[in-house]
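Only heavy atoms go into these numbers, but all of them, side chains included; no hydrogens, no water, no symmetry mates. Nothing here was measured: the structure is a model prediction, and the numbers come from that model.
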Amino acid sequence: MNKTITFTFITILMSVFSINAQDITVSPTAISTAVYHDVIGPLRDFPVMTPEQMEAIKQDALVKRNKELKDRDYPFAETALPKGPDPAWQQEMGTVRAIDGIIQNFSGQSSFSNPPDCNGTAGPDHYMQTINVTYTIYDKQGNLQAGPTQL
């Protein structure tokens, strides 16, 4: 009986402290309005990247970064799970497989980065593709409409 009362008292005491910890309010230090708005014009009017700019992006992608992150080195690594190779860690690119129902397929822009950070969105008449620091816009038949242009 005495252990039950002690356990109940400790549980109530802990919940009181956790409730008080949630009362901290964070407010912005300043509120202001924009000082300038601009219209940049249609994306089709932006300059296409030059071969020199494309080469600079390619050379930048070849630079090895974060070498210290190659090996898993973190506190308690010897006791952390999973033991051995991590089965959820994707270490190589996947393979392309056929998907039923493709209506239109065309080659978009390519990337020199590995892995590339590819994104795309389809609208009613166009497809916009971004890879790392560039974007390109195509019509639904795969004809280039704008770009590649630096973001």
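T149 meets the side-chain hydrogen bond (donor to acceptor under 3.5 Å, both in side chains) test with no other residue; sequence neighbours excluded. With sequence neighbours left out, the side-chain contact (heavy atoms from CB on, under 4.5 Å) criterion links T50 to E52, Q53. The side-chain contact (heavy atoms from CB on, under 4.5 Å) test applied to D125 returns no partner, not counting sequence neighbours. Among residues two or more places apart in sequence or in another chain, the side-chain contact (heavy atoms from CB on, under 4.5 Å) test is passed with N119 by D117, T130. With sequence neighbours left out, A56 forms a side-chain contact (heavy atoms from CB on, under 4.5 Å) with no residue at all.
Hydrophobic clustering places M49 together with V133 (ILVMFWY residues linked when any side-chain heavy atoms are closer than 4.5 Å, directly or through intermediates).
The CE atom of M54 sits 12.5 Å away from atom CD of Q59, with the distance rounded to the nearest 0.5 Å. In this structure, I137 CD1 and T121 OG1 are separated by 11.0 Å, a value rounded to the nearest 0.5 Å. Between the CG atom in L144 and the CG atom in D139 there is a gap of 9.0 Å [rounded to 0.5 Å].
Proximity of I40 to F46: side-chain heavy atoms (C-beta onward) are separated by under 4.5 Å at one or more points.
For the ring-ring contact (aromatic ring centres under 6.0 Å, His included) condition, the pairs that include at least one residue of residues 130-151, sequence neighbours left out, are F106-Y138.
Judged by distance alone, the side chain of K140 and the main-chain N or O of G123 form a donor-acceptor pair under 3.5 Å.
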